Amino acid sequence: MNDIDDHKKKYNPQSIEAKWQSIWDREKTFQAQELPDRKKYYLLVMFPYPSGRIHMGHVRNYTIGDLMARYQRRLGHNVLHPMGWDAFGMPAENAAIKQGVHPKAWTLQNIATMRKEIKSMGISYDWDRELATCDPEYAHWEQVLFVKLYEKGLVYRKKSLVNWDPVDHTVLANEQVIDGKGWRSGATVERRELSQWFLRITAYADELLADLDQLSGWPETVRTMQANWIGKSQGLEFFFHLKGHPGTLPVYTTRPDTLMGVTFCSIAPEHPLAKEVAQHNPAAEAFIRECQKCGTSEEALERLEKKGFHSGLFAIHPITGEEIPIFIANFVLMGYGTGAVMAVPAHDQRDFEFARSHSLPVRVVIQPPGVELDPATMTEAYTGPGLLVHSGQFTGLESETAKKEISTTLESLGKGKITVHFRLRDWGISRQRYWGNPIPMIHCPTCGVVAVPITHLPVPLPDDLWGSSEAIGNPLALSPDWKKTTCPLCQGAAQRETDTMDTFMESSWYFLRYCCPDLKTAPLDRQRVDYWLPVDHYVGGIEHAVLHLLYARFFHKALRDVGEVSGNEPFTRLLTQGMVRKDTHFCPNHGWRYPMQVKEQGEGLLCCECDTPIQVGRNEKMSKSKHNVIDPNDIIQNYGADTARLFMLFAAPADRDLEWNDRGVDGAWRFLNRLWRLVRQIGWQTEGVSPATCMPSTSLPARKLRTKVHQTIVKVTQDLDRNLFNTGIAAVMELVNEASLALGKNEEPMLDELGSVLREAALTAVMLLNPYVPHITEELWRDLGQQDPLSHHSWPQADPLSLVQEEITIVVQVNGKLRATLTHPKETAQADMEIAASNLPQICKLLEGKTIHKVIVVPSRLINFVTN
RNA sequence: GCGAAAGUGGCGAAAUUGGUAGACGCGCUGGACUUAGGAUCCAGUGCCGCAAGGCUUGGGGGUUCAAAUCCCCCCUUUCGCACCA
C-alpha cells in the first residue's frame, strides 16, 4: 500500500484496536512463564466483584495496572499480570431473589459480560491464569487452607453480636441496616449473640504492626491507617471487688494515672453482671432490651445518644475502698476489651458528658500547668498531662510517672497487671448466607466440634438448594438433609456447619493461586509461588486501605506459619487509586437526571421534562442512583480504548479522585490524532533516514530538539518510577509540540540532520507512549518500519551528552521579589553573574541609593539582592 | 464520634520538596486556512489596572532573604470504621 496518500490515512481506533488485540491474543504475547534466570515482576490489580458490567472505576484500576505491567515488560522483566473474579457475595443473592435466577447463573453471566468488556480495553493480561473464587476448585483449596489454619490453632469459635432482623428472621450486614432499620422489612434491627467462627488475627497483631515499617513502597497514609487500626496501647488491666457480691469486675485502662478520679463504672448490656442484674430487675431487663435495638457498627455506637442505667451494684475502689456505682451503658460493647470501663469524668470527654447527664460527681485529679480546674465550672474534660492532685499518696506526681507508680502499686496488691492491648479484634468469618464457601466443620454431639479431614474435602456448595425453600434465611441451614453427616472421629450422626466464609477469605490468597491456577493436587505450588511472590506492585482502591489489605497480610503470615508460602509480606509496593467522579444533575420534580435529560438554556440547565432549573450538584462518585455514570463501553466504541486510557491517566494523578469530563476526553482524542498525523508525516518525509544516535554538529534546531527528546525520556522514566502518570504524558505532549514546530509546514523529504532527529523524536514518542496507549503506538511503530513487537521492545535510554542545556536562565530578585531574568552560558562564574545581574537596567533602578546587605545565590536558579 | 487524607486560574491540574506559582490539557478570545473535518494551524488567556505597578495557592497568624511547600489556630470536602466488595 504505497499509495501517495497513504500517509494521510486517518486514525481509526476501532480497526487498529481489534487488530492488535487479536494479534496479542493469538500470539499469547502476555503469557507469563516461570523463567528462573529472568527477573520477575508481579503486577497485581484488585480483582473485581462481577456485579454486572464494568464501570469507570474498573477501567481506571486496570489502565493504571496495565501501564505499569507494560512498562516493566519493556524494562526487560518477566511480568505476571493476571485477572480473575471475586465471585462470592451478597449482591448475587439479592439479584437472585429479585430476578428469580440462581446466584451462580447470575454470577457466571456477569463474568462472561465483564470479561468481554475488559478484553476490549487491551489490557495485557495473561488470560490463561484467569480464576473465579466461586469455582468449586478454588473453594476446595480454600477449605484445605482453612483446615490447616484450624489445626494450627488459628481458628476458633466464640459468641459475637450480629444485626438481627426480627421480621425477616435473618442476619443483616451493616450495609443492610439503614437508620437502625432492616433494608427490606423496615423493622428495627436488634443485636443478637451468635456462635461464630474467628481467625486469630490478634495473634499476629505485633508482627502486623512491626512489619509496617518494612513496607516503604506503601503510601504513608495507608500504613498510618493500619497502625491506628491495630491500635497497640499499653495500660493497666485490673479488677474491682464488688460490694456484697462474690464476683469481680475486670477493666482495662490506658490512663492508670487517673485512677483516683474514678467516680463510676460502665458495663456492656451483654456483660454477665448486667445479665445477672436483669434476672431480678425488670427495669434493668427492659433497659438492656432497649440497648439492643441498635446496630453493631462502631460508628453507630459512637454516635449513639449515651444512655445508662444504674445496676444497683457497687464496685470497691482498689485503693481508697470507696463504693462506686456501676452503670449498664448502651455505648459499651462486650467484645471490646473486657466489656467494662472505669469512668473518670474530669479527664475523659465521654465520661464527662455521661456524668453531667446523670448528676455524677466530677473529680479532678490531673492539674494542667498554670490552670486551676474546677469541677463545678468545667465545660469539658481535660485529657492532657499534668500534676496529680487529690490523689492521696500519688499527689504531686507527674502524670507519666503516676501511670507507672499506680500500675505497679496495683500489681503489688495483686489486683492488676500492666498489659499491652490492641484495638484490633479477631476476624469473624462466619456468614449466615448461601452464596459463599461452606466452612468445613462438623458438630458432633459426642466429639464436639471436628474439622472435616483434608482428604474428605471439599464440602461442596449444593447448587440445588437455592430457591428450594420459601423461607427467608440461609438455605444451607434450612435444608434438613444437607446438614446431616457423620462424625469423622466416632462415625456417629453429626451436623455440618451451615455458615459460609466471609468473602475476604477468597481475596486473601487469590494472588497466590494466580501463580498456579492449574494445580489439581494442592492449594499452592510452593516453587511457582516462591518464584512470583511477593507481588511487586499492587494497584487498587483506597477503600481497601485497612480491611482487605490487613486481612491479606495476616493470611500470608498465617500461611507462612503452616508452610504454604515463604516471605513475611505479600505486597511490596502499593498504589491506591482515587475514585472516578462526575457532576450530578438534580431536578426538584424528577430527582436525579441523566446528562441527556437536561438541556442548556443561557447560562443554566433545565429539566427536559418540566423545564425546571436543574441544580448542578457537586462531583460525586459515579453511581447508578445518582444517574452520573458513564458507560466505558460507549467511550471505547466512540473513541477507542486508547483515548479512554489516555484521558484517565492524564486528567489526574492516580492516587487522587478523577473528575470525568467529556471535553477532556475530546482533548485526549485530539492528541492521539495529532500524534498519528505527526508521526506518519515524519515517517513519510524521513523515509530511509536513520534516526539520530548522537548530538548533531551543525543544525541548532536539530540540537535543541534532540535535547528535548532525551529530556523527555528522563522525565517519563522518572515519573513512571514514581507512579506519576499525568506529568509524563504532559512531557510527551511537549515533545510532540516541539517536533511539530520543528517540522513546520514543510512537506518535502528531509534528509538532513533535522530529519534524522525528527525521526528519532517520532520513534521515541511512540516508544514512550506505548505503555499508556498500546494499540496506536504498535501501529505507528509498524508504520515507521519497525518489525519487532513494541510490547517487548527495550525501553529507550537517554544520552547524557544530549541532555546538557547550553544556556541557563536564572531569576533575579530584589528583596525576594522577581524583577528580571538573566540568560547566560552554562559556565559563567558566579561573580560575573552577580555583576551582570546588578547591571540589568530594571535591577539598577531598584538598587539605586540602597545598601545591599546580602546577596543570596542559588546556583543555576536565582540571585536575590537583599537591601535596606 | 474515632482514624486518614485533600483544598492552587473559568475547569482538570503542575511546581526538581523552601527558590520564576499556574507546565500540560480543557474552555474562552482573536486570526488564518479551508479537500467543511469529531477539522486543522497561528496568537493570546490568573486577578485588578490605560499604564507604571499591585495582588494571588480555603481563612487567620508565625518562621525565613525567600513559603503552595515548614509551625500554630480555624473552615470545608472526601474516604474508612470490622457482615458492601
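Everything numeric here is computed off the predicted structure, so don't read it as measured data. All values below come from the heavy atoms of this structure, side chains included, with hydrogens, waters and symmetry mates left out.
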On a plain distance test, is the side chain of [X] in donor-acceptor contact with the base of [N] below 3.5 Å?
X	N	answer
R861(A)	G19(B)	no
Q196(A)	C83(B)	yes
R581(A)	U78(B)	no
E299(A)	C81(B)	yes
Q432(A)	C83(B)	yes

Touch check for [X], heavy atoms < 4.0 angstrom, all strands: base, sugar-phosphate only, or nothing?
X	answer
K745(A)	sugar-phosphate
V546(A)	nothing
H853(A)	nothing
V162(A)	base
T809(A)	nothing
F671(A)	nothing
V866(A)	sugar-phosphate
W229(A)	base
G428(A)	sugar-phosphate
R350(A)	nothing
P48(A)	nothing
L741(A)	sugar-phosphate
L301(A)	nothing
A545(A)	nothing

Next on the checklist: Within residues 86-97 of chain A, which residues have any heavy atom lying less than 4.0 Å from an atom of RNA chain B?
Outcome noted: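 Per residue number, the list reads D86(A), G89(A), M90(A).
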Next on the checklist: Within residues 177-185 of chain A, which residues have any heavy atom lying less than 4.0 Å from an atom of RNA chain B?
Outcome noted: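 Of all residues in residues 177-185 of chain A, none places a heavy atom under 4.0 Å from RNA chain B.
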Give a yes or no on whether the backbone of [Y] and the side-chain of [X] come within a donor-acceptor separation of less than 3.5 Å.
X	Y	value
N474(A)	L476(A)	yes
Q14(A)	Q637(A)	yes
R645(A)	Y772(A)	yes
Q226(A)	A545(A)	yes

Checklist entry - Using a distance-only test with no angle check, is there a side-chain donor-acceptor pair under 3.5 angstrom linking D165(A) and T170(A)? => result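 Distance-only check fails for D165(A) and T170(A).
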Item to check | Distance-only polar pair, side chains of N228(A) and R423(A), donor-acceptor under 3.5 Å | outcome: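 No donor-acceptor contact under 3.5 Å links the two side chains.
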Centroid-centroid under 6.0 Å between [X] and [Y] rings:
X	Y	answer
W660(A)	F647(A)	yes
W509(A)	Y138(A)	yes
F354(A)	F331(A)	yes
Y11(A)	W669(A)	yes

Quote, to the nearest angstrom, the [atom1] distance that separates [N] from [M].
N	M	atom1	answer
A15(B)	A23(B)	C1'	8 Å
G80(B)	C73(B)	P	27 Å
U56(B)	G46(B)	C1'	8 Å
G22(B)	G9(B)	P	14 Å
A51(B)	C33(B)	P	31 Å
G10(B)	U57(B)	P	13 Å
G37(B)	A5(B)	C1'	45 Å
C72(B)	C2(B)	C1'	23 Å

Nucleotide [N], atom [atom2] - distance to [atom1] of [X] in whole Å:
X	N	atom1	atom2	answer
F865(A)	U20(B)	CZ	C1'	16 Å
Y11(A)	G38(B)	OH	P	15 Å
F422(A)	A82(B)	CZ	P	20 Å
Q813(A)	A66(B)	CD	C1'	6 Å
M225(A)	C81(B)	CE	P	11 Å
L547(A)	C81(B)	CG	P	6 Å
H544(A)	C79(B)	NE2	C1'	12 Å
M501(A)	C83(B)	CE	P	16 Å

Should [X] be listed as having a side-chain N or O under 4.0 Å from OP1 or OP2 of [N]?
X	N	result
N174(A)	A82(B)	yes
K817(A)	A67(B)	no
T503(A)	A85(B)	yes
R431(A)	C83(B)	yes

Quick check: closest heavy atoms across [X] and [Y], and the distance to 0.1 Å?
X	Y	value
S838(A)	L847(A)	CB-CD1, 4.2 Å
T254(A)	S233(A)	CG2-OG, 3.6 Å
K181(A)	V189(A)	C-CG2, 3.6 Å
R60(A)	M579(A)	NH1-O, 3.5 Å

Next on the checklist: Syn if the chi torsion is within 90° of 0, anti otherwise; quick check, which is G9(B)?
Outcome noted: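 Classified syn.
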Item to check | T503(A): which of W435(A), F88(A), Y49(A) passes side-chain contact (heavy atoms from CB on, under 4.5 Å) | outcome: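 Of all the options given, the one that passes is F88(A).
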Item to check | Contact letters for nucleotides 23-31 of chain B, in which S counts primed atoms plus P, OP1 and OP2 and B counts the base, heavy atoms under 4.0 Å | outcome: BBSSS----
Next on the checklist: If you assign L862(A) and P653(A) each to the RNA chain B nucleotide with the nearest heavy atom, which residue ends up on the more 5' nucleotide?
Outcome noted: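 First, find each residue's nearest nucleotide; the 5'-ward one identifies P653(A).
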Next on the checklist: I want to confirm an ordering. Mapping T221(A) and R433(A) to their closest nucleotides on RNA chain B, which one lands closer to the 5' end?
Outcome noted: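 Upstream on the strand: T221(A).
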Next on the checklist: Quick test of your reading of the model: are E220(A) and R223(A) salt-bridged, counting only N-O distances below 4.0 Å?
Outcome noted: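 Counted as a salt bridge, because a side-chain N and a carboxylate O are separated by less than 4.0 Å.
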